[in-house]
**Student:** 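Quick one: the structure is below, questions incoming.
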Amino acid sequence: MSLDRNAPEAEIAKAAGAYSNWGRWGEQDVLGTLNFLDAAKRRESAGLIRRGASFSLSQSFDMNGPQKGWRRRTNPVHTMLDTGVEAALGIQGFPHGLGGADDVIAMPLQCSTQWDGLGHIFDHGKAWNGRNAADVVTSAGDQVTGIEHMAADVAGRGVLLDVGRHLGEDGELPDGFAITEEHLRATADAHGVHVGRGDIVTVRTGQLARARRDGWGEYAGGPAPGLSFTTAGWLHGTEIAAIATDTWGFEVRPNEFEHAFQPLHQVAIPHIGLLIGEMWDLDALAEDCAADGVYEFWLTAAPLPVTGAVGSPVNPVAVK
């Protein structure tokens, strides 16, 4: 797929028309491509657990995160409401020596490992399934496709495509590296794994490992390896249920057009209906997959059922 890099609007419109899933699951649909992950697929995928080894694919949720305040996205603020200090002093007011601790956290829902919900991105005022964005997401939240609708569905066959290890240097792709369909297919072939209907695909670029080693720098919103806009056809045609990367923004940055911002999001979420994960920590899982040569696993990654939310923190767990 060739791109006219000076015509983002035309290229987005062309891809949106070619890869739209509007109406595929009816006018009332709120799950998008998660419809591909049905009970039969989930039951089949449960058989992938052989060793019982489990891996959390989440970054930490704390003040040491990557966020810099762009569009009011900050790192989590964790505050204690009750501590062992008050308990030791006996001033908590509980009877018979009981003491306890309580805490609260304040954070944007997309500040660390997270899912982008179907109400997160619009195209020319249209939300997933062709709905009017103004009718879908209001000041009260996502009134139609809130992330809570997906809380029971994100569990099934996970696949790791470690593009960083397969094509990069020392396991890392350079910033600005555009991962094409050919790269994804070549990596899958090298791993001996098939990507298809209902899969939850994880793509490791190695950028998170670099950020951990060298500091966050511009990880949040700066240059990054990521999926090329040209992968829109692959994302649609493979009928995957969801996809996640170890980068802040999923797609390659700088984006592949002049004067554009996240054009693949503009096709993938409102038109394909694809669930997209960002800032996943895939490093430990990748090491294990490389060691045993098995790049498929059981994966559960339920979003928090925050009513009306357009995204959600998540602690994905892969089990092999």
Side-chain angles (χ1 to χ4, degrees), residues 34 36-62 64-66 76 78 105 107 109-116 147 150-166 171-172 187-188 190-213 240-247 250 275-306 311-320:
L34 280 180
F36 292 131
L37 181 48
D38 57 19
K41 175 74 175 182
R42 195 171 289 114
R43 185 171 58 250
E44 173 189 322
S45 304
L48 294 172
I49 301 176
R50 298 180 178 89
R51 293 160 42 213
S54 61
F55 303 86
S56 170
L57 310 184
S58 179
Q59 293 190 43
S60 299
F61 285 79
D62 57 36
N64 296 317
H78 179 210
I105 192 167
M107 66 180 187
L109 296 183
Q110 293 167 300
C111 67
S112 188
T113 305
Q114 54 97 15
W115 285 119
D116 283 346
I147 201 81
M150 298 179 169
D153 295 280
V154 195
R157 179 180 185 250
V159 174
L160 174 66
L161 299 181
D162 192 349
V163 186
R165 184 180 298 270
H166 180 57
E172 300 172 13
T187 301
H191 294 342
V193 70
H194 171 74
V195 174
R197 185 183 180 96
D199 288 339
I200 306 169
V201 179
T202 59
V203 178
R204 181 184 173 278
T205 70
Q207 193 200 30
L208 179 57
R210 183 163 61 249
R212 285 212 174 102
R213 182 182 65 248
I240 59 175
I243 189 168
T245 71
D246 58 351
T247 67
F250 168 68
L275 185 63
I276 291 176
E278 293 161 337
M279 296 182 281
W280 287 35
D281 183 353
L282 304 172
D283 289 344
L285 174 64
E287 288 294 328
D288 189 83
C289 290
D292 70 2
V294 178
Y295 285 81
E296 61 178 353
F297 38 86
W298 171 260
L299 178 62
T300 179
L304 295 179
V306 180
S312 171
V314 63
N315 176 28
V317 176
V319 186
K320 299 181 68 178

**Student:** Can you name the closest pair of heavy atoms from Ala242 and Trp115 and give their distance?
**Tutor:** CB-CH2, 3.8 Å

**Student:** What's the separation between atom OG in Ser45 and atom CG in Asp199, rounded to the nearest 0.5 Å?
**Tutor:** 7.0 Å

**Student:** Are the side chain of Arg204 and the backbone N or O of Asp283 linked by a donor-acceptor pair below 3.5 Å?
**Tutor:** no

**Student:** Answer yes when Glu296 and Arg157 have at least one side-chain N-carboxylate O distance shorter than 4.0 Å, and no when they do not.
**Tutor:** yes

**Student:** Looking at every non-hydrogen atom in both residues, tell me the closest pair between Pro303 and Val154 and how far apart they are.
**Tutor:** CD-CG2, 4.0 Å

**Student:** Which value, rounded to the nearest 0.5 Å, describes the distance between Ser312 atom OG and Ile147 atom CD1?
**Tutor:** 6.0 Å

**Student:** What distance do Gln114 atom CD and Ile276 atom CD1 have between them, rounded to the nearest 0.5 Å?
**Tutor:** 9.5 Å

**Student:** Looking at Ser60, is its backbone amide N or carbonyl O close enough to the side chain of Ser112 to form a donor-acceptor pair, meaning the two atoms are under 3.5 Å apart?
**Tutor:** yes

**Student:** I would like to know whether Trp280 and Thr113 meet side chain to side chain contact (heavy atoms under 4.5 Å, CB included); could you show each step before the answer?
**Tutor:** CA-CA 5 Å; Trp280 287 35; Thr113 305; 3.4 Å; yes

**Student:** Donor-acceptor check, side chain of Lys41 to backbone of Arg197, threshold 3.5 angstrom: yes or no?
**Tutor:** yes

**Student:** Set out, in order, the CA-CA distance, both residues' side-chain angles and the distance that settles salt bridge (Lys or Arg N to Asp or Glu O under 4.0 Å) for Asp292 and Arg50, then state yes or no.
**Tutor:** CA-CA 12 Å; Asp292 70 2; Arg50 298 180 178 89; over 6 Å; no

**Student:** Could you walk me through whether His191 and Asp162 pass the side chain to side chain contact (heavy atoms under 4.5 Å, CB included) test, one step at a time?
**Tutor:** CA-CA 8 Å; His191 294 342; Asp162 192 349; 3.6 Å; yes

**Student:** When you measure from the side chain of Thr245 to the backbone of Val203, do you find a donor-acceptor pair of N or O atoms at a distance under 3.5 Å?
**Tutor:** no

**Student:** Side chains of Gln207 and Asp246 only: does a donor on one sit below 3.5 Å from an acceptor on the other?
**Tutor:** no

**Student:** Within this structure, what is the CZ-CD distance for the pair Arg213 and Glu172, rounded to the nearest 0.5 Å?
**Tutor:** 4.0 Å

**Student:** Salt bridge check, Asp288 against Arg51: does any charged N sit closer than 4.0 Å to a carboxylate O?
**Tutor:** yes

**Student:** Can you check whether Val159 reaches Ile240 side chain to side chain, under 4.5 Å on heavy atoms?
**Tutor:** no

**Student:** Can you find a pair of side-chain heavy atoms, one from Leu37 and one from Ile200, that are under 4.5 Å apart?
**Tutor:** yes

**Student:** Compare every heavy atom of Ala286 with every heavy atom of Leu160, then report the nearest pair and how far apart it is.
**Tutor:** CD2-CA, 3.6 Å

**Student:** Are Arg165 and Glu287 packed together at the side-chain level, in the sense that at least one heavy-atom pair is separated by less than 4.5 angstrom?
**Tutor:** yes

**Student:** As a quick check of understanding, evaluate side chain to side chain contact (heavy atoms under 4.5 Å, CB included) for Ser54 and Val319, giving each step before the final call.
**Tutor:** CA-CA 4 Å; Ser54 61; Val319 186; 4.2 Å; yes

**Student:** Taking atom CG of Leu285 and atom OG1 of Thr202, what is their separation to the nearest 0.5 Å?
**Tutor:** 6.0 Å

**Student:** Work out which heavy atom in Val314 is nearest to a heavy atom in Ala302; give both atom names and the distance.
**Tutor:** CG2-O, 3.5 Å

**Student:** Going by heavy atoms in the side chains, are Pro66 and Met279 under 4.5 Å from each other?
**Tutor:** yes

**Student:** State, to 0.1 Å, how close Leu57 and Ala318 come at their nearest heavy-atom pair, and which atoms those are.
**Tutor:** CD1-CB, 4.2 Å

**Student:** Rounded to the nearest 0.5 Å, what separates atom CD1 in Ile243 from atom CZ in Phe250?
**Tutor:** 4.5 Å

**Student:** Under 4.5 Å between any side-chain heavy atoms of His78 and Phe61, yes or no?
**Tutor:** no

**Student:** Would you say the side chain of Asp281 lies within less than 4.5 Å of the side chain of Ser56, judging by non-hydrogen atoms?
**Tutor:** no

**Student:** Taking side chain as C-beta onward, heavy atoms only, is Leu161 less than 4.5 Å from Val201?
**Tutor:** yes

**Student:** Under the rule for salt bridge (Lys or Arg N to Asp or Glu O under 4.0 Å), what residues qualify as partners of Asp62, not counting sequence neighbours?
**Tutor:** none

**Student:** If you apply the rule side chain to side chain contact (heavy atoms under 4.5 Å, CB included), what do you find for Val163 with Thr205, and how did you get there?
**Tutor:** CA-CA 6 Å; Val163 186; Thr205 70; 6.0 Å; no

**Student:** For the residue pair His166 and Ala190, what are the closest heavy atoms and their distance?
**Tutor:** CE1-CB, 3.3 Å

